Amino acid sequence: MAKKSNPFEYAPALESRSIVDISPSYGLFVDGEFVDGHGHSFKTISPATEEVLAEVAEADAADVDRAVKAARRAHSRVWGRMPGRERAKYLFRIARILQERGRELAVLESIDNGKPIKETRDVDVPIAAAHFFYYAGWADKLEYSGYGSQSLGVAAQVIPWNFPLLMLAWKIAPALACGNTIVLKPAETTPLTALLFAEICQQAELPPGVVNIITGAGETGRALVSHPDVDKVAFTGSTEVGRAIAQAVAGSQKRVTLELGGKAANIVFEDAALDQAVEGIVNGIFFNQGHVCCAGSRLLVQESVADDVLARLKRRMATLRLGDPLDKNTDIGAINSAEQLAKIRELSDIGEQEGAGRWSPPCELPDHGFWFPPTIFTGVTQAHRIAREEIFGPVLSVLTFRTPAEAVAKANNSPYGLSAGIWTEKGSLILKMASSLRAGVVWANTFNKFDPTSPFGGYKESGYGREGGRHGLEGYLK
Amino acid sequence: MTRIDVRKTNKLFIGGEFPRSESGHSYVVNDSRGRFVANVALASRKDARDAVAAARKAFPGWSGRTAYNRGQVLYRVAEVMQDRRPQFVEAVRQGEGGTTAAATKVVDAAIDRLVWYAGWADKLTQVVGNANPVAGPFFNLSTPEPTGVVAVVAPTASSLLGLVSVVAPVVVSGNTAVVAASPERPLAAVTFAEVLATSDVPGGVVNVLTGAFDRTVPTLSSHMDVNAIDLAGLAGDPDQAHACEVAAADNLKRVRRAPVQEPDWTADPGTGPMTAFLETKTVWHPIGV
């Protein structure tokens with residue numbers, strides 16, 4: 001046995017898997033029941049071990065049609081005409097079940113996605129439950145929202161793999177509160193918590209067809225968003241797919257909201273509380289392995305403190321623990337898929353080729369699974385691809401600036417506009433920066449905070465529409 | 001001997017100036033009974049791009065003004081229109097036909113609509129923004145901001161009231177506009193541009209292109225530096241509207257879709273025409289010491 005270099009090294013603190021029952025195979029959830037899909041089934045694996053977790057059905061065009069028909073029926077017969085105060089009770093029930101089964105959901109999410117258990121336990125599951133709780137209360141108060149109180153009809157919702165349960169809650173809770181029915185497609189690499197959510201809908205005795213969950217990949221998603229009997233399309237994912245969806249719904253009466261990519265600037269001024277800023281930088285880019293559309297992936301540091309900030313950042317990064325997602329001490333889990341790992345590697349290699357300085361703390365990667373160490377690139381310029389393209393991994397590009405005007409110009413020099421961060425102790429500078437940055441969410445002296453009462457969404461090519469808060473109702477009402 | 005009229009050749013309105021079309025082309029506009037009224041500039045793709053550049057240049061200044069000031073500028077436009085009422089009545093009557101009394105009603109409605117929107121400038125933030133009671137020690141505020149440069153395909157039948165009803169909501173909140181005016185009935189838009197030029201509206205905030213839609217609208221809907229597009233003028237032309245929506249997807253422009261048919265512009269617009277071109281910005285700050 002290798003001798004441990006640090007006698008105070010933490011012993012593993014593993015969360016038990018036994019709380020979760022993973023079936024060997026799953027069907028589609030349509031009209032209140034699990035049914036077989038007509039497409040080929042596919043496998044979902046644990047990114048941390050590459051172990052096959054389950055076989056999942058793939059929905060083909062006929063399955064999509066069946067799900068949309070079920071949702072339409074449920075909307076016209078039951079859900080669309082149910083008084084808001086009754087709809088609210090179902091949403092409150094779901095919120096409570098999510099809390100009661102929180103441990104189970106957290107473990108399953110961690111296994112299927114590769115993210116650390118401490119994040120699923122403390123972030124994904126509680127915030128998902130909070131969304132149902134928040135929107136439950138809106139269901140019988142829609143006339144106070146300012147957006148009308150009439151539902152649109154059937155909502156087609158397609159969500160990504162980075163926050164499978166949380167994105168499901170962001171999509172489903174407001175849609176149901178407004179009286180819409182749903183066909184939701186989770187990402188092909190992370191379908192398991194959505195399928196557990198289907199069981200929760202059964203447990204809450206939600207009327208059949210109100211929520212339908214169909215699994216599959218790009219083809220299934222395309223069939224769903226282009227289905228002629230869908231009234232609303234809600235998508236979170238890449239800008240590339242968002243663009244294709246905008247084209248697909250062109251000329252139709254379908255409403256659409258898109259939450260797309262980002263390349264957020266996290267701006268640190270010389271008078272910032274530097275240790276807090278470093279925590280914010282780490283949280284901004286290494287939270288959820290950097291698989292966050294609003295991740296602070298471009299660090300802009302004022303030149304006068306750049307060396308100091310970098311030294312503190314490297315020291316902090318050396319304490320990050322990478323490894324088993326089910327270990328409660330783990331800070332950085334597995335990359336979600338082999339495909340995503342390849343993309344992160346490719347862009348990082350390009351960063352090196354283009355002359356940026358690459359650094360990672362000493363870090364042992366497990367033998368199996370998909371892993372990428374927390375990485376920073378220094379000496380990055382605006383022209384570098386790693387400063388322009390979304391990497392969607394634990395990779396930070398560090399740039400410098402001298403004046404607030406230069407910081408604004410660099411931060412806004414991106415087709416994206418989802419989020420930004422500002423670190424300074426000077427209030428007037430915060431307000432000036434916040435109003436100058438073209439981004440939908442601005443975190444000042446904090447980063448990556450989410451709350452169901454707070455609207456979230458992008459400017460420019462980061463998409464349109466808002467999720468969360470009162471504004472999040474707008475996309476589901478007419 | 002009868003006096004010979006001085007015939008006017010109308011020009012474009014770009015960046016606060018009145019250039020001729022870069023193409024050198026113009027076209028003849030007749031009144032609703034087929035008699036010559038004026039020559040009007042036929043805008044080219046290059047003119048459309050120049051107008052976008054002017055609108056982009058004007059955006060930081062216009063969006064940075066106080067809402068109080070933008071409201072006053074819009075109100076000033078209404079004042080100057082009131083002054084020029086006879087000229088607008090003539091432009092509406094020539095373009096849309098009908099009696100002088102009917103045209104007068106349209107002009108009055110257009111002036112009133114501007115006054116209505118002028119009053120929105122400093123209230124919109126209060127009505128569509130809010131503080132968010134997040135679960136934690138944070139100060140958290142959502143406020144609306146203009147989305148940027150908005151291309152406006154103006155209604156074709158209602159050349160003045162329709163025009164004002166789509167332009168005012170775009171600029172009152174701080175966006176800048178590139179307007180493709182009604183090709184068949186451009187005179188109200190031309191006169192409106194002359195009013196804008198003399199009523200405190202900074203150059204580039206509203207730019208007016210006259211001429212055929214097929215020369216300018218495809219350029220505007222695919223332009224990567226246009227943030228949003230209002231397709232009001234493509235009512236009843238679903239194919240063209242579809243093509244514009246597809247092109248708009250390239251940089252994910254916000255699209256206000258073409259109605260099936262041109263709506264009744266005298267109806268209460270509500271806040272929808274303004275909120276279609278707003279972004280919601282949410283700012284977080286910790287509360288503590």
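Just so it is clear, the structure is predicted and the values come from calculations on it, not from any experiment. Every chain is numbered from 1, with letters handed out A, B, ... down the list of sequences.
- Taking CD from A/E461 and NZ from B/K253, the interatomic distance works out to 9.0 Å, rounded to the nearest 0.5 Å.
- Across every non-hydrogen atom of B/V134 and A/S454, the tightest pair is CG1-CB, 3.9 Å.
- Around the NZ atom of A/K141, the shell of radius 6.0 Å holds more than 12 heavy atoms that belong to other residues, nucleotides or ligands.
- In this structure, no portion of B/F139 lies under 4.5 Å from any heavy atom of chain A.
- When the candidates A/G469, A/G417, A/G146, A/G463 are compared by the number of heavy-atom contacts under 4.5 Å with chain B, A/G463 comes out ahead.
- Heavy-atom neighbours of A/E143 CD from other residues, nucleotides or ligands within 6.0 Å: above the threshold of 12.
- In this structure, chain B has a heavy atom under 4.5 Å from the backbone of A/F450, while its side chain stays farther away.
- A side-chain donor from one of A/Y459 and B/E145 sits under 3.5 Å from a side-chain acceptor of the other.
- With chain A as partner, the option from B/R254, B/M224, B/E245, B/H242 having the largest number of non-hydrogen pairs under 4.5 angstrom is B/R254.
- B/N132 and A/T453 are not linked by any side-chain donor-acceptor pair at a separation below 3.5 angstrom, with hydrogens and angles left out of the test.
- With a 4.5 Å cut-off on non-hydrogen atoms, A/L260 touches chain B through its side chain but not through its backbone.
- Of the listed residues A/F456, A/F447, A/W443, the one with more heavy-atom pairs under 4.5 angstrom with chain B than any other is A/W443.
- Atom NZ of B/K57 has 12 or fewer heavy atoms from other residues, nucleotides or ligands within 6.0 Å.
- At most 12 non-hydrogen atoms from other residues, nucleotides or ligands lie less than 6.0 angstrom from CZ of B/R45.
- With a 4.5 Å cut-off on non-hydrogen atoms, A/R466 touches chain B through its side chain but not through its backbone.
- Annotation: maximal heavy-atom pairing with chain B below 4.5 Å, among A/A130, A/S435, A/S436, A/A244, occurs at A/S435.
- Top candidate by heavy-atom pairs under 4.5 Å with chain A, chosen from B/P133, B/P60, B/P238, B/A131, is B/P133.
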Discussion item. With side-chain contact (heavy atoms from CB on, under 4.5 Å) as the criterion, how do B/K281 and A/R438 come out once you've worked through the C-alpha distance, each side chain's angles and the decisive distance to 0.1 Å?
Written reply: CA-CA 9 Å; B/K281 176 181 280 177; A/R438 304 288 295 161; over 6 Å; no
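- Here the shortest heavy-atom pairing between B/P286 and A/A444 reads CD-O, 3.1 Å.
- Interface remark: B/N251 contributes backbone and side-chain atoms alike to the contact with chain A (heavy atom separation under 4.5 Å).
- Contact annotation for B/A241: neither backbone nor side-chain heavy atoms come within less than 4.5 Å of a heavy atom of chain A.
- When B/D250, B/L231, B/T271 are compared by the number of non-hydrogen pairs under 4.5 Å with chain A, B/D250 comes out ahead.
- When B/T275, B/T280, B/T282 are each tested for a side chain to side chain contact (heavy atoms under 4.5 Å, CB included) with A/H471, only one passes: B/T280.
- Within 6.0 Å of atom CD in A/E425, more than 12 heavy atoms from other residues, nucleotides or ligands are found, so the atom counts as buried in its surroundings.
- No more than 12 heavy-atom neighbours from other residues, nucleotides or ligands sit within 6.0 angstrom of CZ on A/R96.
- Around CD of A/Q276, the count of heavy atoms belonging to other residues, nucleotides or ligands within 6.0 Å does not exceed 12.
- In this structure, the portion of A/A439 lying under 4.5 Å from any heavy atom of chain B is its backbone and not its side chain.
- Looking only at side-chain heavy atoms (C-beta outward), A/V442 and B/W284 stay at 4.5 Å or farther from each other.
- Ranked by heavy-atom pairs under 4.5 Å with chain A, the list B/V128, B/D239, B/V127, B/N227 is led by B/V128.
- When each of A/I422, A/T239, A/L437 is scored by its heavy-atom pairs under 4.5 Å with chain B, the top score falls to A/L437.
- For chain B, the option among A/A250, A/G251, A/A248 with the highest count of heavy-atom pairs below 4.5 Å is A/A250.
- If you measure heavy-atom distances from A/L258 to chain B, the contacts under 4.5 Å come from the side chain alone.
- Heavy atoms of A/V256 lying under 4.5 Å from chain B are absent altogether.
- Only the side chain of A/I430 comes within contact range of chain B, judged by heavy atoms closer than 4.5 Å.
- Proximity to chain B involves both the backbone and the side chain of A/S252, based on heavy atoms less than 4.5 angstrom apart.
- Proximity to chain A (any heavy atom under 4.5 Å) is shown, for B/P144, by neither the backbone nor the side chain.
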Discussion item. B/H285 vs A/T446, test: side-chain contact (heavy atoms from CB on, under 4.5 Å). Steps then yes/no.
Written reply: CA-CA 7 Å; B/H285 194 279; A/T446 184; over 6 Å; no
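- Both the backbone and the side chain of A/P455 have a heavy atom closer than 4.5 Å to some heavy atom of chain B.
- Annotation: A/F133, atom CZ; neighbour count of heavy atoms from other residues, nucleotides and ligands within 6.0 Å does not exceed 12.
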